[in-house]
There are 2 protein chains.
Amino acid sequence: MSDTSEQEQPQAKEQPRRRQARGERRIAQLLEAAARVFCTTGYTAASTNAIAREAGVSPGTLYQFFPNKEAIAIELGDRLVHDMRETYGEALAPVDPATPLEEAIGSAIDRFITFNTEHPVFFALMHGPDIPGRMAETHDQLHATLIGRIEGLLASLMPGATPADVTRTAHICLGVYKTGLELVLAHEGAERDAYVQEVKDVLIRYLTPLMGDRPGRD
Amino acid sequence: MSDTSEQEQPQAKEQPRRRQARGERRIAQLLEAAARVFCTTGYTAASTNAIAREAGVSPGTLYQFFPNKEAIAIELGDRLVHDMRETYGEALAPVDPATPLEEAIGSAIDRFITFNTEHPVFFALMHGPDIPGRMAETHDQLHATLIGRIEGLLASLMPGATPADVTRTAHICLGVYKTGLELVLAHEGAERDAYVQEVKDVLIRYLTPLMGDRPGRD
DNA sequence: GACAAATGCGAGTGGTCGCTCGCATTCTTG
DNA sequence: CAAGAATGCGAGCGACCACTCGCATTTGTC
């Protein structure tokens with residue numbers, strides 16, 4: 001019971017693993033291979049042997065660096081979330097309340113869609129239906145962070161709304177974005193751009209009537 | 001190809017299976033059990049042994065009536081689509097072009113959400129990421145039908161739009177509905193109703209500015 | 001009741017997959 | 001260079017799963 005199986009013990013008993021440069025390279029190699037396999041087949045259908053093969057490595061070597069299949073997805077997910085926070089800041093796309101709604105929505109959508117097109121695994125791991133337990137935690141955490149951020153933005157724009165209203169609206173916005181992302185990723189070139197614009201329009205038209213008098217409009 | 005797998009063959013060569021009433025009952029029983037298991041675990045993770053157990057039947061009995069696991073999902077899906085068409089008509093929620101937009105959207109959303117709350121498997125089988133090949137066909141067929149219906153509705157409301165614009169708008173609408181459905185199913189009671197209203201609002205506010213002069217508004 | 005067909009059972013089969021183990025090779029460190 | 005640690009290999013183990021087979025029981029028909 002209560003076995004969280006973390007490698008953080010006050011006693012330095014659990015860290016005889018001195019990693020060599022070769023090992024770090026292998027890990028990166030394996031994670032890239034895993035990303036490709038997860039993208040094409042999804043998490044559950046991806047076999048560890050397939051990941052090892054994709055990385056040009058034997059199954060045994062894979063298990064030299066990862067204790068099990070789930071750990072690969074977790075490490076990949078953690079690195080993605082880390083990259084995301086590093087790229088967009090800890091607060092995830094902070095917005096000045098004075099910016100016009102169109103601009104705020106536009107830049108937020110652009111940021112997240114860019115991130116997703118550059119890291120297709122992110123979508124596969126986060127929105128896949130067959131993600132492992134610990135992965136779901138990472139997802140839920142990110143989800144909660146985003147909802148919180150959106151709530152913060154909306155609260156200042158929806159004067160007469162209850163907290164429940166704000167939360168509900170935030171969930172709708174995130175859901176619309178999520179669906180839009182799916183459609184955007186399914187198209188390319190000009191059509192993709194057109195879909196991006198549609199998603200922005202949906203959100204702008206949805207949110208505009210909710211706001212009271214806009215501060216600093218002129 | 002062109003194997004519709006119906007039990008209607010001119011040559012009586014393929015139908016030595018004279019089904020007894022008991023058999024039909026078992027089939028219904030198995031499909032109900034499969035629906036429950038698919039709902040809780042999804043298609044891929046659902047084991048045929050678990051379905052048989054849920055139905056209070058041995059694995060062998062299951063395979064007396066279904067050639068393989070996929071056939072269970074296909075039969076279930078076909079029956080759901082059949083029910084849907086029977087409930088809402090072949091055209092799937094036809095709308096009089098003279099009805100106001102709010103009313104048209106409202107009734108369509110209500111219909112589909114009701115169907116989904118009454119048949120939770122539908123969502124699990126259609127939006128699950130791990131659906132089998134033939135199941136995807138059923139889904140794509142239904143998807144195309146719905147897109148076509150929405151396009152028909154939008155075409156008369158978007159005077160100056162190209163066909164590509166109409167198609168894109170239709171996909172956005174269906175996507176918004178899909179996301180909304182997810183959120184609606186995740187809540188209950190008054191909160192669920194509130195989400196239903198939000199989804200309707202999103203669509204109404206998205207579509208209203210697209211229309212030119214409304215015909216028959218007087 | 002007699003016979004065949006339909007139904008029912010559950011241990012068993014073949015295949016896949018996550019993961020391990022023993023051993024070889026390469027690197028670091030003194 | 002020597003010793004030990006880190007890395008690398010791939011056959012193979014155990015578990016699980018879709019599916020089968022031989023046989024028992026029930027049902028429809030004459």
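From a predicted model like this one, the values you see are computed outputs, not experimental measurements. Sequence lines set the chain letters: A, B, ... in the order given, protein chains first and strands last, and positions in each chain run from 1.
Judged by a 6.0 Å distance limit and a 45° cone about the ring axis, A:Lys69 is not positioned over the six-membered ring of A:Tyr63.
Between C:dC27, C:dC9, D:dG8, one nucleotide has an atom nearer to the side chain of B:Ser58 than all others, and that is C:dC9.
If you take CZ on B:Arg168 and CG on B:Asp165, they are separated by 5.0 Å, rounding to the nearest 0.5 Å.
One interatomic measurement links the two molecules: CZ of A:Arg18 to C1' of D:dA3, which rounds to 13 Å at whole-angstrom precision. Protein atom CD of B:Gln64 is 13 Å distant from nucleotide atom P of D:dC21, rounded to whole Å. Here the P atom of nucleotide D:dA18 and the CZ atom of B:Arg53 are 11 Å apart, to the nearest Å. Distance, B:Phe66 CZ to C:dT7 P: 12 Å, rounded to whole Å. Residue B:Ile72 contributes atom CD1, which lies 9 Å from atom P of D:dA18 at whole-angstrom precision. Across the protein-nucleic acid pair, B:Gln20 atom CD and D:dT26 atom C1' stand 8 Å apart, rounded to whole Å.
Contact detail for A:Thr167 and B:Tyr195: the closest heavy-atom pair is O-OH, 4.3 Å. The shortest non-hydrogen separation linking B:Gly23 to B:Phe65 is CA-CE2, 3.7 Å.
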*For nucleotides 11-20 of chain C, read 5' to 3', which letter fits each nucleotide if B means a protein heavy atom sits under 4.0 Å from the base, S means only the sugar-phosphate is that close, and - means neither?*
-------SBB

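No option in A:Ile51, A:Thr48, A:Leu31, A:Ile74 other than A:Leu31 meets the side chain to side chain contact (heavy atoms under 4.5 Å, CB included) test with A:Phe66.
Distances shorter than 4.0 Å separate none of the side-chain N or O atoms of B:Thr61 from OP1 or OP2 on C:dT7.
Donor-acceptor pairing under 3.5 Å is recorded for the side chains of A:Glu198 and B:Tyr206. When only modelled atom types and interatomic distance are considered, B:Gln197 and B:Asp193 share no side-chain donor-acceptor pair under 3.5 Å.
Of the residues in residues 21-38 of chain B, those with a non-hydrogen atom less than 4.0 angstrom from any atom of DNA chain D are B:Arg22.
With respect to the salt-bridge test (charged N to carboxylate O, under 4.0 angstrom), the residues A:Arg79 and A:Glu75 qualify. In this structure, B:Glu24 does not pair ionically with B:Arg19, as no charged nitrogen and carboxylate oxygen lie closer than 4.0 Å.
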